[in-house]
2 protein chains.
Amino acid sequence: MVGATGAVGAELLRVLERRNFPVSKLRALASGRSAGKKVQFRNEPVAVEELGEKSFDKIDIAFFSAGGEISRKFVPTAREAGAVVIDNSSVFRMDPEVPLVIPEINGQDVKEHRGLIANPNCTTAVALMAIYPLHRAFGIRRVVAASYQAVSGSGARAIAELKDQVEAAAQDRPSPPQVYPHPIAFNVLPHVDVFLESGYTKEEMKMQNEGRKIMHLPGFCASVTCVRVPVYRAHSVAVSAEFEKKVSVEQAREVLAKAPGLELVDEPVQNRYPMPLNVAGKDNCEVGRVRLDCALDNGLAFWVSGDQLLKGAALNAVQIAELL
Amino acid sequence: MVGATGAVGAELLRVLERRNFPVSKLRALASGRSAGKKVQFRNEPVAVEELGEKSFDKIDIAFFSAGGEISRKFVPTAREAGAVVIDNSSVFRMDPEVPLVIPEINGQDVKEHRGLIANPNCTTAVALMAIYPLHRAFGIRRVVAASYQAVSGSGARAIAELKDQVEAAAQDRPSPPQVYPHPIAFNVLPHVDVFLESGYTKEEMKMQNEGRKIMHLPGFCASVTCVRVPVYRAHSVAVSAEFEKKVSVEQAREVLAKAPGLELVDEPVQNRYPMPLNVAGKDNCEVGRVRLDCALDNGLAFWVSGDQLLKGAALNAVQIAELL
């Protein structure tokens with residue numbers, strides 16, 4: 001496990017335990033800075049070793065969640081050593097030789113792997129958990145979406161930054177932003193990832209790019225605005241989707257209620273709808289606010305929340321390992 | 001001024017001062033609960049009187065911002081007494097005999113008033129400040145939008161609720177929700193206003209309904225998801241808009257840069273884009289993140305932030321009074 005001391009690494013350990021994944025030996029790897037630390041796995045301390053050229057001897061499966069640079073550098077090393085890599089970074093996702101997999105959607109693509117499988121973007125994964133079953137029923141054409149992304153998506157320092165900023169506000173002291181370019185407490189930032197020439201961010205284009213690959217749908221279009229919000233954990237996405245076939249809310253609800261990895265939480269009049277506070281720590285994504293879209297033909301509007309550290313990262317990675 | 005002690009009332013007083021509105025006498029009205037309190041206007045204390053049948057004698061202009069029930073009950077009283085009412089509630093907005101006015105868009109509609117002019121919904125007003133100039137240039141057909149709405153839109157108790165909840169989190173004590181059905185601190189709620197049979201909320205349909213009336217565009221369609229976020233002040237809206245004519249980002253930016261009441265803040269690579277923290281307390285709305293929409297034909301995606309207590313309420317009301 002590369003990045004064993006990070007936010008996703010910590011979740012990976014818990015998911016492996018919880019799902020009783022057969023692990024005969026766990027090697028916890030991180031940067032030199034973290035070497036010597038210990039992580040807990042199945043109630044045993046595991047010493048964290050510094051990631052290096054020899055780290056992957058006799059390793060069957062290597063989870064990478066230490067950022068793009070580390071993946072770019074060490075994924076080849078791991079593959080050469082014979083490990084099958086499940087990579088959480090965005091580096092290899094669009095490589096046509098690398099399967100990009102959400103097990104509930106395109107689990108069969110795992111078979112095509114050549115020692116490397118990519119784990120999808122978190123916001124994309126959460127949204128596709130609802131979009132894909134609807135696509136199977138009605139044939140998706142395009143979506144317009146806006147995200148509400150938690151700070152844990154930017155790692156442990158971002159969590160600390162939000163916490164300090166809200167406390168600083170109460171104590172009337174300054175807490176200048178470091179992780180984000182602007183304060184995140186009591187603010188929202190229409191800025192996740194870097195900006196492209198088109199004006200979209202890289203993050204915003206992932207739903208279209210990765211969605212096409214995961215759903216095997218080269219014509220799929222998605223216009224997304226990605227926004228960071230002062231929430232600790234779990235992403236939400238407001239989606240308007242246009243389909244080939246005529247849709248009905250009843251049918252859509254039936255489809256969503258049966259979809260694996262997804263729960264329909266849709267009793268708005270009883271104040272029941274998906275929310276980040278409710279899905280944080282849960283494996284399943286939640287979908288609700290399902291309604292006929294009043295601006296799109298054969299359109300549905302809905303709202304999805306999901307724990308981006310689980311379905312958007314650690315859980316999905318372990319599910320891929322289970323398929324292997 | 002009906003509702004002089006409320007969140008919008010306080011803003012109205014400041015806007016009247018700031019814009020040097022000709023006021024020979026201000027009568028501050030509120031519920032019996034607030035009677036006896038004082039509000040400050042032009043450095044003088046003004047005693048708050050209890051709203052009643054006799055409140056509107058010799059009044060030229062009556063601002064109402066005390067909620068729908070009070071408007072329903074006392075707007076007729078004020079009109080009978082000869083006042084021209086500028087009403088901030090949603091009660092009369094869709095009445096065909098009542099002009100619904102954003103001065104920068106349909107100021108001329110003020111002329112049709114019969115003693116009552118309605119002030120538009122705050123999220124709608126903020127979004128239309130950018131949508132309308134683009135409509136003039138390219139002909140709007142439909143929009144898909146998602147909002148990020150501040151708690152001050154729910155009044156002073158909601159501001160206190162968010163404040164207490166974040167402090168409670170730091171002190172590890174409970175702070176159960178009272179204004180909202182769920183905690184708003186570190187959460188987002190896809191729930192603003194009451195739910196309709198269609199699955200949309202009333203708030204969500206206001207952009208289409210009020211947008212049609214304000215822009216004189218009966219065919220305008222808007223599918224909106226309205227979401228409350230843990231921000232104190234200023235609403236933001238992610239908009240994808242489809243136009244009749246071919247659009248370009250350059251032209252769109254030119255149009256938006258010239259639009260009255262709007263500022264183009266669109267240098268994303270320099271981390272410059274509209275944000276609630278930056279527009280809070282400002283008269284002008286801000287628009288940025290302008291890009292060709294990758295899912296809509298002749299489409300533009302953009303992001304608008306605006307102080308909903310100002311352009312969405314007090315400022316717009318005073319601008320209407322200025323037209324009168």
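Numbered from 1 within each chain, the chains take letters A, B, ... in sequence-line order.
- Of all the listed residues (B:Glu167, B:Arg142, B:Arg233), the one sharing the greatest number of non-hydrogen pairs under 4.5 Å with chain A is B:Arg142.
- Between chain A and the residues B:Ser223, B:Gly199, B:Cys221, the most heavy-atom pairs under 4.5 angstrom are made by B:Ser223.
- Summarising the geometry of A:Thr225 relative to B:Arg291, their closest heavy-atom pair is OG1-NH2, 2.9 Å, with the distance given to 0.1 Å.
- The minimum heavy-atom distance linking B:Cys294 with A:Tyr200 is given by the pair N-OH, 3.0 Å.
- Both the backbone and the side chain of A:Val188 come within contact range of chain B, judged by heavy atoms closer than 4.5 Å.
- Within the 4.5 angstrom heavy-atom criterion, no atom of A:Ala150 approaches chain B.
- The greatest number of non-hydrogen atom pairs below 4.5 Å with chain A, out of B:Gly299, B:Pro181, B:Pro190, B:Ser240, is found for B:Pro190.
- The heavy-atom pair separating B:Asn271 from A:His191 by the smallest distance is OD1-CE1, 3.0 Å.
- Across every non-hydrogen atom of A:Tyr148 and B:Ser147, the tightest pair is OH-O, 2.8 Å.
- For a residue to count as touching a neighbouring chain, one of its non-hydrogen atoms must lie under 4.5 Å from one of that chain's; by this rule A:Ser305 does not touch chain B.
- The environment of B:Gln270 atom CD is dense: over 12 non-hydrogen atoms of other residues, nucleotides or ligands sit within 6.0 angstrom.
- For chain B, the nearby parts of A:Val269 are the backbone and the side chain; heavy atoms of each come within less than 4.5 Å.
- Residue contact with chain A, scored on non-hydrogen atoms closer than 4.5 Å, involves the backbone of B:Ala185 exclusively.
- Taken from OG in A:Ser198 to CG in B:Asp293, the straight-line distance is 11.0 Å, to the nearest 0.5 Å.
- Counting non-hydrogen atoms of other residues, nucleotides and ligands closer than 6.0 Å to CD of B:Gln178 gives a total of 12 or fewer.
- With chain A as the partner, the residue from B:Met275, B:Arg141, B:Glu242 showing the most heavy-atom pairs under 4.5 Å is B:Met275.
- Both the backbone and the side chain of A:Leu296 have a heavy atom closer than 4.5 Å to some heavy atom of chain B.
- Heavy atoms of A:Val151 lying under 4.5 Å from chain B are absent altogether.
- With a 6.0 Å radius and a threshold of 12 heavy atoms from other residues, nucleotides or ligands, B:Lys202 has its NZ atom at or below the threshold.
- Contact of A:Val143 with chain B is made through the backbone alone, with heavy-atom distances under 4.5 Å.
- Between chain A and the options B:Ala146, B:Pro276, B:Ala145, the largest number of non-hydrogen pairs under 4.5 Å is found for B:Pro276.
- Residue with the most contacts toward chain A among B:Val290, B:Val166, B:Val227, B:Leu292: B:Val227 (heavy-atom pairs, distance under 4.5 Å).
- Interface summary for chain B: among A:Arg289, A:Gln208, A:Lys163, the most heavy-atom pairs under 4.5 angstrom belong to A:Arg289.
- Between B:His182 and A:Tyr273, the angle of the ring planes goes over 60°, which puts this pair in the perpendicular group of the 30/60° scheme.
- With a 4.5 angstrom heavy-atom cutoff, A:Ala222 touches chain B only via backbone atoms.
- Contact annotation for A:Leu277: both backbone and side-chain heavy atoms come within less than 4.5 Å of a heavy atom of chain B.
- Your options are A:Ala301, A:Ala280, A:Pro268, A:Pro274, and the one with the most heavy-atom pairs under 4.5 Å with chain B is A:Pro268.
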